[in-house]
Amino acid sequence: MQSVISSPPGKACPVVIRGLGTIEILAFEHPLAGLQLVKGTIEPGETSAAAALRELREESGLHASHVATDLGISSVRGTQPARLLDPPH
């Protein structure tokens, strides 16, 4: 089930995993912030799935037609690890 994020906008983080003998996760190294996953702001009226696909396209150049699995919503505050707030059903 996809919910539309209205206010405040959240972030979408598409996680791309490729398994070819070993598991590879798509990430990039930012010159100042270090190793990062693709992510970006969910625009008003945009679903989390649409935002994830858009961010994947904008930041990596990869084009995907759908989200295979919604991993849910997490919250990151300060240096605390992310915790799942709304697990997928």
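Both backbone and side-chain heavy atoms feed into the values below; hydrogens, waters and symmetry mates do not. Being a predicted model, the structure only gives us computed values, none of them experimental.
- Linking ILVMFWY side-chain heavy atoms closer than 4.5 Å, directly or via other members, places L35 and I25 in two distinct hydrophobic clusters.
- Listed for the S60 side chain is a donor-acceptor partner under 3.5 Å among the backbone atoms of L62.
- Atom NZ of K39 is separated from atom CD of E59 by 7.0 Å, given to the nearest 0.5 angstrom.
- To the nearest 0.5 Å, atoms CG (L53) and CD (E58) are separated by 11.0 Å.
- The structure places OG1 of T69 at 8.0 Å from NE2 of H66, a figure rounded to the nearest 0.5 Å.
- Across all non-hydrogen atoms, the minimal contact from D70 to V67 is N-CG1, 4.3 Å.
- One hydrophobic cluster, built from ILVMFWY side chains closer than 4.5 Å, cannot hold both L56 and I17; they sit in different ones.
- Considering only heavy atoms from C-beta on, L26 comes within 4.5 Å of V38 through its side chain.
- In terms of heavy-atom proximity, A51 sits nearest to A12 at CB-CB, 3.7 Å.
- Within the 4.5 Å cutoff, no side-chain heavy atoms of K11 are placed close to those of E55.
- Criterion: ILVMFWY side-chain heavy atoms under 4.5 Å apart, direct or through other members. Under it, I23 and F28 are not part of a common hydrophobic cluster.
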